[in-house]
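Right, one structure below, let's go through it.
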Amino acid sequence: MTVRTRFAPSPTGFLHIGGARTALYCWLESRRRGGEFVLRIEDTDRERSTDAAVQAILDAMQWLGLNHDEGPFYQTQRLDRYRQVADELVAAGKAYYAYESKDEIDAMREAAMARGEKPRYNGYYRDRHEPLRDDPNRVIRFRNPNEGSVVFEDKVKGRIEWSNSELDDLVIFRSDGWPTYNFAVVVDDIDMGITEVIRGDDHVNNTPRQINIYQALGARVPEFAHLPMILDKEGKKLSKRTSAVSVMEYREDGLLPHALLNYLVRLGWSHGDQEIFSREQMIALFDIADVNKAASRFDTEKLAWLNQHYLKTDEPQSLVAEFEWHLHRAGIDVAAGPAPIDVIVALRDRVHTLKEMAERAKIWYGPILEWDEKAVAKHLKNDSAAAVLGETKSLLADCAWNPEAIHQVVEQVAAKLALGMGKIAQPLRVAMTGTQVSPSIDHTIYLAGRDEALRRIDAAIALIQGRLSP
RNA sequence: GCUCCCUUCGUCUAGUGGCCCAGGACACUGCCCUCUCAAGGCGGGAACACGAGUUCGAGUCUCGUAGGGAGCACCA
């Protein structure tokens, strides 16, 4: 039997980090086992679901490269099917109509709480067999077994047993004519042939009642795997206030999709001491059964380290498209400066993110906007600096234009003036960037382009002369 | 309140009764390298929640305790 997994978000917001990991694990499990991955949009909550959220989720999945084989299916388009299955259940005596108002249910719940009991439906209509009647409060409730217990072997949590006496007759069809979550998922997972239900562990409590519905429907019960939560740095629930939660926010922050995936796959799962996983390795090695039981905290520093790792080791050409996306976002005109790939090579082991890279690249795509006072005071101050700039300029005027040739030029200047590299590179660096920090001096000059490099040297010489004779 | 779940360095984790006075990674930190910043190399500190029990032997098995979390909807 082919393994089929599904990711079933409800479109009430963007794809968040926890959802992304669930999607990744579902995707990996299906890929490793040669199965299929289904995407389903659980939009029966018509109050909170939006088309924009659907699109945001689709976009994020695509950016991450988590491709699905079937779907997206929409629950709102399957209403007739849910209705049909619910009717069958009623006809078979496995579900029944109930007519309590929401207020009555609330009162029932409060009374139970007051008695120190778990709030449950009291089963008033369970065995009354009242004839069907129209009523604004009419719902369909599932006739849950009240004897025995439900046992399942969770692939992550292990054996879980639940006494049926803990479960009540849940509503499967609301008075507004829409199915509830617990019913719709079961019908969908059966219809879509899902063999492995992988989802967040906030659903473990729902699993026993869902299993009872599977059984009432005579369907094969799938395997379950409940993933622990992802917490923020403080160990609290991830929230917009304390951390980035949206996958696309990480893109905006300059993360590579593969770095995020690598981080996520290691959060709650491991393979010995290995930290770096290519897509292919993840697929080959990941096993849902090896996932940890405990919640884990999201550590942006480790993510940043992984991101830099990929910046350093990926083929630079493969980073160009994503980097250009960031250049545009930073308001940079790519045509006004060096080839992005050269910038990537110069900056990739100096930054953790593409956003930072784009920020730092600005000096090569436009004029120096401000001079760092300290840098100027320290390195553009005397005849030595002027001599360095003058010498460099003349040699730069007609050398070959690549980092290696420029490196030769700098060394020649050092030899000629009998100065250490520090005395050569720093004045040039300030001249090129207005600051004391930049990539190696040869790359820094190279990226400026010959004409602009010469212009900046002239400007720096003028600055020195201005300072020497105000 | 009730039910269920969880607990190894600050963080992510390895560990399936002896190979563990607990290994790797991020972070932190010392030194080296060095044209700045990085990157890199070599080191360092840092954990089995607690208590009983089983066993020749427990991070690993059992039971309690403590702490944390989730759920208890006509929301998913």
Side-chain angles (χ1 to χ4, degrees), chain A residues 8-12 42-45 47-49 75 98 100-102 105-106 109 112-121 137-141 154 156-158 160-163 165-168 170-182 184-185 200-208 226 228-229 231 233 235-237 263 266-276 292-306 308 312 347-352 360 375 379 410 414 420-430 433 435-442 444:
Chain A
S10 59
T12 54
E42 309 214 325
D43 54 356
T44 51
D45 181 350
E47 301 280 297
R48 300 193 299 146
S49 300
Q75 289 189 324
E100 286 91 352
S101 69
K102 288 176 191 174
I105 296 296
D106 286 344
R109 184 160 38 240
M113 290 280 256
R115 271 179 272 124
E117 288 168 16
K118 205 166 170 175
R120 304 167 73 244
Y121 174 62
N137 289 326
R138 192 229 280 162
V139 298
I140 300 177
R141 284 184 181 271
D154 191 280
V156 172
K157 305 276 182 185
I160 293 177
E161 178 166 0
W162 218 284
S163 171
S165 59
E166 292 296 326
L167 273 21
D168 65 356
L170 72 157
V171 170
I172 59 174
F173 247 88
R174 302 185 221 151
S175 55
D176 67 2
W178 285 85
T180 58
Y181 164 77
N182 277 306
V185 250
D201 70 2
D202 46 333
H203 288 292
V204 277
N205 309 267
N206 290 322
T207 306
H226 287 98
M229 298 195 72
L231 275 14
K233 193 156 180 105
K236 302 282 183 194
K237 204 167 178 173
Y263 180 73
R266 274 289 286 103
L267 195 63
W269 173 82
S270 64
H271 183 258
D273 288 340
Q274 189 171 344
E275 295 288 348
I276 304 300
N292 288 158
K293 298 175 178 191
S296 43
R297 303 183 188 201
F298 196 87
D299 181 4
T300 47
E301 286 180 327
K302 186 160 184 181
L303 209 209
W305 172 78
L306 270 169
Q308 185 182 48
K312 285 189 306 194
L347 284 173
R348 61 181 180 165
D349 43 38
R350 293 179 161 75
V351 297
H352 287 97
R360 296 249 225 137
H379 299 293
V410 175
M421 278 302 270
K423 295 273 188 224
I424 307 292
Q426 285 306 79
L428 281 167
R429 179 166 281 118
V430 179
T433 68
T435 73
Q436 303 186 69
V437 178
S438 84
S440 63
I441 195 60
D442 43 12
T444 301

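Worth knowing before you read on, the calculation uses all heavy atoms, side chains too, and leaves out hydrogens, waters and symmetry mates. Letters A, B, ... are given to chains in the order of the sequence lines, protein chains preceding strands, and every chain is numbered from 1.
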(message) Using the side chain to side chain donor-acceptor pair (under 3.5 Å) criterion, which residues pair with A:Thr433? Sequence neighbours excluded.
(response)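 With sequence neighbours excluded, A:Thr433 shows a side chain to side chain donor-acceptor pair (under 3.5 Å) to A:Thr435, given in chain and number order.
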(message) Applying side chain to side chain donor-acceptor pair (under 3.5 Å), can you list everything that pairs with A:His352, at least two apart in sequence or on another chain?
(response)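 A:His352 satisfies side chain to side chain donor-acceptor pair (under 3.5 Å) with no other residue.
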Table of protein N/O atoms under 3.5 Å from nucleotides 46-51 of chain B N/O atoms:
none

(request) With P as the reference atom in both, quote the distance from B:rU7 to B:rG15 in angstrom, rounded to an integer. (result)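 14 Å, rounded to whole Å.
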(message) Say we look at B:rC74 and B:rC9: how far apart would their C1' atoms be, to the nearest angstrom?
(response)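 Roughly 48 Å separates the two C1' atoms.
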Nucleic acid footprint by protein, [range] - heavy-atom cut-off 4.0 Å, B for base, S for sugar-phosphate alone:
{"range": "nucleotides 21-27 of chain B", "value": "--BBBSS"}
{"range": "nucleotides 30-35 of chain B", "value": "-----B"}
{"range": "nucleotides 61-69 of chain B", "value": "---------"}

(message) Test of understanding: with ring pair (Phe, Tyr, Trp, His ring centres under 6.0 Å), list the residues that count as partners of A:Tyr121, not counting sequence neighbours.
(response)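 Checked A:Tyr121 against ring pair (Phe, Tyr, Trp, His ring centres under 6.0 Å); zero matches.
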(request) Using the test ring pair (Phe, Tyr, Trp, His ring centres under 6.0 Å), find all partners of A:Tyr263 that sit at least two apart in sequence or belong to another chain. (result)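 For A:Tyr263, the residues satisfying ring pair (Phe, Tyr, Trp, His ring centres under 6.0 Å) (neighbours in sequence not counted) are A:Phe298.
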Let me know the distance between [atom1] of [X] and [atom2] of [N], rounded to the nearest Å.
{"X": "A:Asp154", "N": "B:rA70", "atom1": "CG", "atom2": "P", "answer": "18 Å"}
{"X": "A:Ile105", "N": "B:rC75", "atom1": "CD1", "atom2": "C1'", "answer": "16 Å"}
{"X": "A:His203", "N": "B:rC4", "atom1": "NE2", "atom2": "C1'", "answer": "15 Å"}

Distance below 4.0 Å between [X] side-chain N/O and [N] OP1 or OP2:
{"X": "A:Asn292", "N": "B:rA14", "result": "yes"}
{"X": "A:Arg109", "N": "B:rA73", "result": "yes"}
{"X": "A:Arg360", "N": "B:rA38", "result": "no"}
{"X": "A:Lys157", "N": "B:rC5", "result": "no"}
{"X": "A:Ser163", "N": "B:rU3", "result": "no"}

(request) Both distances under 3.5 Å, Watson-Crick or G-U wobble: report the partner of B:rA66, or none. (result)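 In the structure as shown, B:rA66 has B:rU7 as its Watson-Crick or wobble partner.
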Contacts of type salt bridge (charged side-chain N to carboxylate O under 4.0 Å, His left out), residue [X], not counting sequence neighbours:
{"X": "A:Asp45", "result": "A:Arg48"}
{"X": "A:Arg138", "result": "A:Asp134"}
{"X": "A:Glu275", "result": "A:Arg266, A:Lys302"}
{"X": "A:Arg109", "result": "A:Asp106"}

(message) Any N or O donor-acceptor pair under 3.5 Å from the base of B:rC74 to the side chain of A:Thr180?
(response)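 Such a pair does not exist between side chain and base.
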(message) If I take atom NE2 from residue A:His203 and atom CG from residue A:Asn182, how far apart are they, to the nearest 0.5 angstrom?
(response)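 A:His203 NE2 to A:Asn182 CG: 9.0 Å, rounded to 0.5 Å.
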(message) Rounded at 0.5 Å granularity, tell me how far CD1 in A:Ile140 sits from CD1 in A:Ile172.
(response)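 Here the rounded value is 5.5 Å.
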